[in-house]
Amino acid sequence: MPLGSKKGSVIFSGFRALGLYSNHLAHVVRYHKKHREFYIVTAVGNCFHTYNVKKLGIVAVSNALPEDISCLAADRMLVYVAIGKKVSAFARNKEVVHMYTGHGADVHLLLPFGDHIISVDRDNAVIVWDVESEEEYLQITFDKVSFEVSAVMHPSTYLNKILFGSSQGGLQLWNVKSNKLLHTFTGWPSGVTVLQQTPAVDVVGVGLSSGQIIIHNIKFDESLMKFQQDWGPVTSLSFRTDGHPVMAAGSPIGHIGLWDLEEKKLVCQMRDAHNTAIAGLTFLHGEPLLITNGADNGIRVWIFDTAGGGGRLLRSRLGHSAPPTKVQHHGLNGHHILSAGQDGTLQSFSTVHERFNRSLGHGSINKKKSKKKSLRYDELKLPAITTFASESARQSDWDSIVACHRGYLMTTTWNYQKGSMGAHKLEPERFNKNRALNVHATAVDITSCGNFVVVGLSSGHIDVYNMQSGMRRGQYGEDKAHRGAVRGVSVDGLNQLIVSAGADKLVNIWKFKSRKLVHSIDLGTSPSTTHLHRDSGMLAVALDDFTLNVLDMETKRIVRKFSGHRGQVNDMAFSPDGRWLITAAMDCTIRTWDLPSGCLVDCFLVDFAAVSLTMSPTGDFLASSHVDNLGIYLWSNNTLCGMVSLRPLPADYEPTAIMLPGTCPSQDEEGDTDLNTEMIEYESPEQLDEQLVTLSLLPDSRWKNLLHLDIIKKRNKPKEPPKVPTAAPFFMPTIPGLIPQFGLPLTPTGIESKIVNFGVLAQKSHFYQQLESAMLSNKYNGPVGMLKEMGPSGIDAELRGLAPDMGGDVSVLQGFLKMVASMLDSKRDFDLAQAYLALFLKLHLRLISQEPGLMEEASRVSEKLEETWTSMQTLFNQSLCLLSYTKSALL
């Protein structure tokens, strides 16, 4: 099995998703008595999120379920979700503790009811479950023709009573304990969509599919008041409980109507509260706060503190309401990701915390008119952004983002600091006389200094603009830069060259300042997109035949060609060091190519094809956006956290699929903690080759200060004698050295004599004995190893003890020189041999000059040292010569 086939990817692992907040299911509000705080629970795909209302900060993310959630409900202790025919109960907002199975169709309604949970499926079967035992308590079956259950609620103070609403318009009140139908309400001609308890007992709010809202007294079976909204069926209802008799009603087009129940009239309209249908709205108990969510991937909290009865937006969490088409990191720290979606908005997502997210809004041709009237009715709003470029160098001075819009010749600028659309709209004047031409902007780039913008058009023109003034500064080429549409344009890091790729199968390199054509390369196939890594000068070009070419801007040649994708290449990204090229294609694969070796080193499948990629400037995360997905998905770089063995993958490699990461940071499974069985455990030998000179791995402090010990001791000499403490603590005696060892007395019992034994002072040290034995066997590994374990002071003391006046011998001094010669012969520990020899000569140079034997041995060591250094100098010169040639030569 190839490496990485078990995990799918060796380099990347799913980390978390950004920008996912809500879907079409209504939210649930919970109150925590201990924390005294309200929490919001929203469903997102196959998991649910819990937010606190105070700051809308995410508190918990549930474990992922095998299918998408179809219904959501909660009580004081548990959160209930329906997936298909099953109902699951979550504890601590995280893990499944109960599972209820028995439905024959998909569950679409849930109602917590004390120690029971009521579920309704599409076959009109109602089952009452016991929460703890997971057993079926009661089952009620309705005739789908006469009474199809569409809403369910528990009337306040009605013990064991459940009120059912039907799509035929009628209501039924049941006692679930005795399994009896208590009353049937005639109802209304249109179906019931919402049932909601009002602050008054016996009174419920009924929302109908016709848009009618009925305030009905179920005790006397009479309607107290009726309202009519013209926005379609009522999707949700909620009532204020802070002293104001106001009812809020949601609609399928995103409007919210506020009705005064005392005066029985419409008080205010909150238009475009969401871009899509209002999935759920809830007034917090006793507070003037309204919480809404919708299928536009947004959660909003409105506060009612102004005159007129309308609410103003207090806080929100907003994502894209349509899938993102382009993502790109902004800034050098990798904390912000710019994202353009099919909903026409440009947003910034933070990888650190959601409170740093910001929306730059929707593009508009006339910004002032857009402020006066809603963008929804503004005919001047711009379509979705197809591509954009950003640069943070001068973002505090002027606009730092430029974007191309679908089908528009004009490109717009955006200001990241202000979080809004910028001051300029860049458009050439050459097409003013003939607006019928279908010309639009296709590619754009900003220089690294942030002063200039280069825009490529579908007509083949390339224009350059000043970012500060928005004025056009010229064009590339006498008439056109390309004979076909411009597919990609990039400027190098020093503003010296600009490279463009066009549908005419050419890649042109221009001088940025003089705008003259320098070089042209024929690709043979039309390019689809390009991406430049400014630091290395490598340009990646994706072709229409699904192959990749890598162009070196310095040599102006194609240096790498890759093939393997089976679909159109959507986007590319380089690693920060320029070593990897990461590509995403419509074949649902994300591949990593190693440029130095020219091999494919990683490949994995995703369920939805990636349409855009961006690599963090710090290299820690890869961000991707996918088809039909609203979120931005982060993949962590495993090579930064541990050793990853990369091998070239074969041409017939079959990648395995990986699930897109969830909103919560992923935790490795137990099986993933084990190392891959195919991983090669490489152990570096002490010496790679006998011909190479090898240095030691000891720190510099162990040998570099040997010649300066006298200076160090003089500098560290105490100014006054140490004072003996009054009650010295007990310490076990230790042996001096770098490795702490306890020194036990040789005679643990008995009384020690106070007479000094001068024979002990003349004993030979352990190193001295090792050196003597090494002279007989001619193997000096033992004494060298002992010196490695000593500190500078210990080495100095040992070398001083070799002198005859310190109890040593001339033969042992000669043995030390032989030990240094053996170290030079083995070509190991070259730095230690130099340091030990230098200290030895410093201490015993006069004695060596007086002893012929020592003089002869020292001359041999000198010859070996000179021979070794000569060979090293030759290698240094060869390496320097090769580097200088590589740097200056034109390959």
Side-chain angles (χ1 to χ4, degrees), residues 26 71 73 107-114 116-128 137-229 232-239 241 245 247-251 257 259 261-262 264 280-282:
C71 189
V107 178
H108 69 103
L109 291 175
L110 289 175
L111 177 65
F113 185 59
H116 300 81
I117 174 73
I118 301 173
S119 58
V120 183
D121 62 20
R122 296 291 181 184
D123 286 344
N124 228 23
V126 178
I127 301 179
V128 182
Y137 176 80
L138 175 67
Q139 181 168 351
I140 307 173
T141 304
F142 295 91
D143 184 11
K144 203 169 185 179
V145 177
S146 60
F147 196 90
E148 183 180 1
V149 179
S150 58
V152 58
M153 68 161 287
H154 166 56
S156 181
T157 72
Y158 280 58
L159 189 63
N160 301 324
K161 310 299 189 300
I162 296 297
L163 183 65
F164 294 99
S166 69
S167 57
Q168 286 80 13
L171 303 178
Q172 290 186 8
L173 184 65
W174 283 75
N175 187 320
V176 294
K177 186 175 182 180
S178 60
N179 191 14
K180 290 182 180 180
L181 174 62
L182 302 180
H183 187 72
T184 300
F185 302 87
T186 306
W188 304 270
S190 56
V192 178
T193 57
V194 182
L195 289 174
Q196 182 65 38
Q197 176 70 51
T198 66
V201 181
D202 303 326
V203 181
V204 298
V206 183
L208 304 180
S209 59
S210 62
Q212 197 173 22
I213 305 169
I214 312 294
I215 306 300
H216 195 76
N217 189 314
I218 60 175
K219 185 176 182 179
F220 300 102
D221 192 8
E222 61 179 2
S223 296
L224 304 180
M225 57 190 78
K226 296 182 180 180
F227 305 101
Q228 178 68 44
Q229 71 173 16
V234 180
T235 59
S236 52
L237 289 174
S238 186
F239 298 86
T241 56
M247 174 187 67
S251 66
W259 307 82
L261 300 181
E262 283 188 353
K264 300 181 181 180
L281 50 84
T282 306

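Excluded from the calculations below are hydrogen atoms, water molecules and symmetry mates; all remaining heavy atoms, backbone and side chain alike, are included.
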Residue set satisfying side-chain contact (heavy atoms from CB on, under 4.5 Å) with Pro112, at least two apart, ordered chain then number -> Ala73, Asp75, Tyr80, Ile117
Which heavy atom of Ser190 sits nearest to which heavy atom of Ser209, and what is that distance? CB-OG, 3.6 Å
Within-4.5 Å side-chain heavy-atom neighbours: Val120 and Val107: no
Output for pair (Thr186 OG1, Trp188 CH2), nearest 0.5 Å, gives 9.0 Å
Exercise: identify the closest heavy-atom pair between Ser236 and Leu281: OG-CG, 3.3 Å
Side chain Glu148, main chain Gln168, donor-acceptor under 3.5 Å: no
Using a 4.5 Å cut-off on heavy atoms from C-beta on, say whether the side chain of Ile215 contacts that of Met247. yes
Which atom pair, heavy atoms only, marks the closest approach of Thr193 to Ala151? O-CB, 4.2 Å
Given 3.5 Å as the limit, does a donor-acceptor pair link the side chain of Ser238 with the main chain of Ala248, or not? no
Which pairs of donor and acceptor atoms, one on a side chain in residues 157-165, lie under 3.5 Å apart (sequence neighbours left out)?
unit_1: Tyr158; atom_1: OH; unit_2: Asp202; atom_2: OD1; d: 2.7
unit_1: Lys161; atom_1: NZ; unit_2: Leu159; atom_2: O; d: 2.6

Check whether Ser167 reaches the backbone of Ser150 with its side chain - one donor and one acceptor, N or O, closer than 3.5 Å. no
Close side-chain approach of Met225 to Trp259, heavy-atom, < 4.5 Å: no
With a 4.5 Å heavy-atom cut-off, do Leu261 and Phe227 have their side chains touching? yes
At their closest point, which heavy atom of Pro199 faces which heavy atom of Phe239, and how far apart are they? CD-CB, 3.6 Å
Under the 3.5 angstrom rule, does the side chain of Asn124 hit a backbone N or O of Thr141 as a donor-acceptor pair? no
So if I apply the side chain to side chain contact (heavy atoms under 4.5 Å, CB included) rule between Trp174 and each of Leu181, Leu182, Val152, which one comes out positive? Leu181
Would you say that Gln196 contacts Met153 through its side chain, given a criterion of any heavy-atom pair below 4.5 Å between the two side chains? no
Once rounded to the nearest 0.5 Å, what's the spacing between atom NE2 of His154 and atom OG of Ser156? 6.5 Å
All heavy atoms of Leu171 vs all of Leu195, minimum pair found to be CD2-CD2, 4.0 Å
In terms of heavy-atom contacts, His108 and Val149 come closest through CE1-O, 3.6 Å
Which distance, rounded to the nearest 0.5 Å, do you find between the CD of Gln229 and the CD1 of Ile213? 5.0 Å
Should the heavy atoms of other residues, nucleotides or ligands under 6.0 Å from CD of Glu222 be counted, would the total exceed 12? yes
Test of understanding: with side-chain contact (heavy atoms from CB on, under 4.5 Å), list the residues that count as partners of Ala125, not counting sequence neighbours. Asp121, Gln139
May I ask you to decide if Gly232's main-chain N or O and Ser251's side chain share a donor-acceptor pair within less than 3.5 Å? no
Derivation of the side-chain contact (heavy atoms from CB on, under 4.5 Å) call for Val203 and Lys219: CA-CA 8 Å; Val203 181; Lys219 185 176 182 179; over 6 Å; no
Side-chain donor or acceptor of Gln197 paired with backbone N/O of Ala200 under 3.5 Å: yes
Ser223 side-chain N/O to Ile214 backbone N/O, donor-acceptor pair under 3.5 Å: no
Main-chain N/O of Ser210 paired with Gln228 side-chain donor or acceptor, under 3.5 Å: yes
